[in-house]
Structures are given as C-alpha cells and as structure tokens.
Amino acid sequence: MTTETTPETPPRLVAFDIDGTLLDSTKRPQPGTLRALDGLRAAGTRIMLASGRPIPGLRALAERCGLGEDLILAGLNGSVVVDQASGETLARHPIDPALAEPLIGCGLEHGVLIMLPHDDELVVGDDKHPQAIHEAAGNGLALRAVDDVARPGIDPTKILFCAEREELEVLEAALRERFAEMIELTYSSWIYLEATVAGVDKSSSLIDFCRAEGIGMEQTMAFGDNGNDVTLLRTAGVGVAMGNAIAETREAADVVTATNDDEGIARVLGAWVDVGELAPAAS
C-alpha cells in the first residue's frame, strides 16, 4: 500500500484469520501485531477473528494471547458470529438436518472422521479417536459421543471431515457431485475439509456484521493465508495475503505483505497506527 492509495483514516473493521496470519510460527501474535491491535482499538476500529475454530476456542485464544475483550468472534467459518463483549450472537447459520444427514453419511461412506462442533461441545461418533480428543482439548470443547453421528440430535453449523489429504480430495469430489450448490467446502488444514451451508463462509461473517452495523464493505480490511480465506479477502474492501500464503490466496488479495513471522500485519496497519519500530522486512 502506497501513500497515494492509503486512506487517511483506518478501516472501520479489520478481520484476521488465525493460524498462519495473526499467529506466527510459535503460535503467538508478534509484538508489532499486538501494538497494531491496540492502535486500531484506540482509533475506533472493530477487530474480528475469522476462523474455522468454534467460539469457545476463539475466546480461549483471545485470552491466552491478550487480544482484548471487545472482539467480534466469527467462528466455524462464518457459521456463528458473536460479540465477545456482550455475548450476543449476531448471526448463526445451521445446516438443515435433512441436508446434514446425507452429507455426514457421505463422509462415513468414505471412512473419514466426522466431527461436529456445536456450542460448547464436539459431537462425534468415536470419542476415543486421537484427533477428536485433540480437537476438543484444543478448543475447550466437551467431547460427546453419539450412537449415530449422521443423526446427532443437533443442527450442526459446520461439518468437519478429517483424513489424509488424498482421501479428502476423493471425498470432496463426491460431495461436490452430490450436493453441488447446497454447500460450501473449504480446506482449513492439510487434514481438514469443512462443510457449511451454501453462502456461508468467512466472507459472510464480514457481510453479516457490516450489514448490522451499517459499515460499507469498502471500509473493511481482511488478512489471511489459506484456502478458507480466499472469499474473505475478495469481499473485504482491502484483502491482504500474508507472505506465507498459498498461491490461491495471494492471487485473491489486493496486497501481499510480509510473512506471519516477519510482522506482515504490522507492516500494513502501520499506515494508520503506531506499531513501534520494526526490523527491516526480510527479503
């Protein structure tokens, strides 16, 4: 971003992906990032965490990393949006059970692990599976096993399929063939394929919040690095890809900054707020 193209005032909303973006390789925000968040807050800018994580996991992350208590928490890839300060749920987009059941059934047919984050629980068919235990513990969720995960007795907001990437790619093709326009599919990691209802992803959380607050999309900015950030960057007024972002995300961005280990966030937000002294960007 150059002086000629940088607005005089900061965006009214800035959204951040978490892993590979807001957090560096040590799983902490960098010092310049924390100073940038303080500066945004002082300027009246709202800060959104846009993640595949469930809301309890985002709350715990915010506390662990000292990110503040007035965040907008957009969890489960935009399926649930919560105002951290008030606890108010601003948006919730469940998958109809009539659609969720065959979606989950397709995953079971392909032999992948199914996990359903729901409020403070992680609903699974196998609560002894190491990855289910890891996912629940990492997000502060209670692990609950059900006899038939395809009929879990809840309206899931996100279906998480877990397997090796080669297996997930086969499953993805089957899901796209059978459910086409009814769902959104995205990879949040090498072993996670996530399904939400059509039209719901990280970008919809931006739209949901801005519509409620009367914020124009041109007054927003978003940072990301992975495949589930692509629509977010395309929708924001300015989309910023981290230097460590995958090719698809870089192509979707308006700006490519330094990596998450090289104060990539602070180098952009320093156009508006005091981020302190930063070392020269790595080449």
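The backbone N or O of T231 sits less than 3.5 Å from a side-chain atom of T235, completing a donor-acceptor pair. Checking side-chain atoms of T89 against main-chain N and O of A91 turns up no donor-acceptor pair under 3.5 Å. R144 places no side-chain N or O within 3.5 Å of a backbone atom of D127 that could act as its donor or acceptor partner. H129 places a side-chain N or O within 3.5 Å of a backbone atom of Q131 that can act as its donor or acceptor partner. Within the 3.5 Å criterion, the main-chain N or O of P11 finds a donor-acceptor partner in the side chain of T45. Although no hydrogens or angles enter the test, the distance criterion places no donor-acceptor pair under 3.5 Å between the side chain of E88 and the main chain of D83. Using a distance-only test at 3.5 Å, with no hydrogens or angles considered, a donor-acceptor pair links the side chain of Q30 to the main chain of D261. The backbone N or O of S189 lies less than 3.5 Å from a partner atom in the side chain of R165, making a donor-acceptor pair. At distances below 3.5 Å, at least one donor-acceptor pair connects side-chain atoms of D24 with backbone N or O atoms of T26. N244 places a side-chain N or O within donor-acceptor distance of the main-chain N or O of N260, the cut-off being under 3.5 Å.
Pairing each heavy atom of Q84 with each of A62, the nearest pair is NE2-CB, 3.9 Å. Contact record, G78 with S204: O-OG, 4.0 Å, taken as the closest heavy-atom pair. The minimum heavy-atom distance between L141 and P117, with the atom names listed, is CD1-CB, 4.4 Å. P29 and L67 make their closest contact through CG-CD2, 3.9 Å (heavy atoms, listed as atom of the first residue, atom of the second, distance). In terms of heavy-atom proximity, A163 sits nearest to L168 at O-CD1, 3.5 Å. Across D262 and P280, no two heavy atoms sit closer than the pair OD1-O, 4.3 Å.
In this structure, a donor-acceptor pair under 3.5 Å is present between the side chains of D225 and T21.
When side chains are defined from C-beta on, I18 counts as touching L61, because their heavy atoms get closer than 4.5 Å. Contact of the I133 side chain with the L143 side chain is registered, since non-hydrogen atoms from C-beta on lie closer than 4.5 Å. With contacts defined as side-chain heavy-atom distances shorter than 4.5 Å, the pair L160/E135 qualifies. Using a 4.5 Å cut-off on side-chain heavy atoms (C-beta onward), I47 and R41 make contact. Contact of the L175 side chain with the L103 side chain is registered, since non-hydrogen atoms from C-beta on lie closer than 4.5 Å. L23 is listed as a side-chain neighbour of C65, based on a closest heavy-atom distance under 4.5 Å. Side-chain atoms of E194 and F161, non-hydrogen and from C-beta on, never get closer than 4.5 Å to each other. Here the side chains of L13 and M221 are not in contact, with every heavy-atom distance at 4.5 Å or above.
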Practice item. Let me see the working for T220 and I215 under side-chain contact (heavy atoms from CB on, under 4.5 Å), right down to the final yes or no. Key: CA-CA 8 Å; T220 68; I215 297 173; 4.1 Å; yes
Exercise for review: Please report the C-alpha distance between N226 and Y187 in whole Å, then the side-chain angles of each, then the deciding distance to 0.1 Å, and finally whether the side-chain contact (heavy atoms from CB on, under 4.5 Å) criterion is met.
Suggested key: CA-CA 8 Å; N226 215 330; Y187 289 95; 5.7 Å; no
Point to revise | Pair S79-R92, side-chain contact (heavy atoms from CB on, under 4.5 Å): steps then yes or no | key: CA-CA 6 Å; S79 297; R92 188 180 186 92; over 6 Å; no
Check your understanding: How far apart are the C-alpha atoms of H93 and T157, what are their side-chain angles, what is the distance that settles it, and do they pass the side-chain contact (heavy atoms from CB on, under 4.5 Å) test?
Key -> CA-CA 6 Å; H93 302 283; T157 47; 5.9 Å; no
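Distance OG/S203 to CD/E184: 8.0 Å, rounded to 0.5 Å. To the nearest 0.5 angstrom, R250 atom CZ is 12.0 Å from L233 atom CG. Here the CD1-NE2 distance, from I55 to H118, works out to 12.5 Å after rounding to the nearest 0.5 Å. In this structure, OG1 in T257 is found 7.0 Å from CZ in F223, a value given to the nearest 0.5 Å. Atom OG1 of T249 and atom CG of D229 lie 6.0 Å apart (nearest 0.5 Å). Taking CZ of F16 as the start and CG of L232 as the end, the distance is 11.0 Å to the nearest 0.5 Å.
Each of L171 and L113 belongs to its own hydrophobic cluster when Ile, Leu, Val, Met, Phe, Trp and Tyr are linked at side-chain heavy-atom distances under 4.5 angstrom. Taking hydrophobic clusters as Ile, Leu, Val, Met, Phe, Trp and Tyr residues chained together by side-chain heavy-atom distances below 4.5 Å, Y192 does not share a cluster with I114. Note on L73 and V81: separate hydrophobic clusters, where clusters join Ile, Leu, Val, Met, Phe, Trp and Tyr whose side-chain heavy atoms are under 4.5 Å apart, directly or indirectly. In the hydrophobic clustering of this structure, L90 does not group with V80; members are Ile, Leu, Val, Met, Phe, Trp, Tyr whose side-chain heavy atoms approach within less than 4.5 Å, directly or through other members. Note: the hydrophobic cluster containing V197 also contains M182 (ILVMFWY, side chain heavy atoms under 4.5 Å, direct or indirect links).
In this structure, R35 does not pair ionically with D274, as no charged nitrogen and carboxylate oxygen lie closer than 4.0 Å. Under a 4.0 Å N-O distance rule, the pair K202/D17 qualifies as a salt bridge. For R178 and E109, the salt-bridge test passes: some basic side-chain N is under 4.0 Å from an acidic carboxylate O. The pair R46-D70 does not count as a salt bridge, with every side-chain nitrogen at least 4.0 angstrom from each carboxylate oxygen. Ion pairing between a basic and an acidic side chain is recognised when a charged N comes within 4.0 Å of a carboxylate O; R59 and E63 show no such pairing.
For E166, the CD atom counts as densely surrounded, since its 6.0 Å shell holds more than 12 non-hydrogen atoms of other residues, nucleotides or ligands. Within a 6.0 Å sphere centred on CZ of R28, other residues, nucleotides and ligands contribute more than 12 heavy atoms.
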